[in-house]
Amino acid sequence: MGLFQFFMVIIMILCVLLVLVVLSQNPKGGGLSSTFGGGGGSQMFGVQRTNKFLDNTTWGLFIAIIVLIVGAGVTHENPNALKPIKPNVTAPANNLPTQPAANGAAQLPAQPAQPTK
């Protein structure tokens, strides 16, 4: 699994957690603290600390998701991007090595015809 797919899996998990945290909040101030026996003095956090914890968790998950989205965008290779074209470099024809003659003597490469004046 590539780095991009890893980022996507983590982002999906964080999105589900963010939805659960947001749904556990009550816009009227009750939220999770009133859902689980709220109002009693034997709560683990208390109303104010529970609301503050959920608020901070919401912002933390939001920031983590944004950072992972940017990281995934940086690591993802664009399949539509133009690929650089590498030119084919070939040697000029007059720099080729000489071919041996039938009798074993080396021939010189043919000279191009000189223009007449």
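Only this structure's heavy atoms are used, side chains among them; waters, hydrogens and symmetry mates stay out.
Residue Q25 forms a side chain to side chain donor-acceptor pair (under 3.5 Å) with just one option from D55, T57, T58, N51, and that option is T58. Residue L61 forms a side chain to side chain contact (heavy atoms under 4.5 Å, CB included) with just one option from V16, V19, N56, L18, and that option is L18.
Note: Q5 CD to I10 CD1 = 12.5 Å, rounded to the nearest 0.5 Å. Taking CD1 from I69 and SG from C15, the interatomic distance works out to 6.5 Å, rounded to the nearest 0.5 Å. The structure places CG of L68 at 8.5 Å from CZ of F6, a figure rounded to the nearest 0.5 Å. We find the CD1-CD1 distance between I66 and I11 to be 9.0 Å, quoted to the nearest 0.5 Å. In this structure, I65 CD1 and L17 CG are separated by 8.5 Å, a value rounded to the nearest 0.5 Å.
Linking Ile, Leu, Val, Met, Phe, Trp and Tyr whenever their side-chain heavy atoms come within less than 4.5 Å puts V9 and L3 in one cluster. In the hydrophobic clustering of this structure, I13 groups with V22; members are Ile, Leu, Val, Met, Phe, Trp, Tyr whose side-chain heavy atoms approach within less than 4.5 Å, directly or through other members.
Shown here is F62, whose CZ atom has no more than 12 heavy atoms of other residues, nucleotides or ligands within 6.0 Å.
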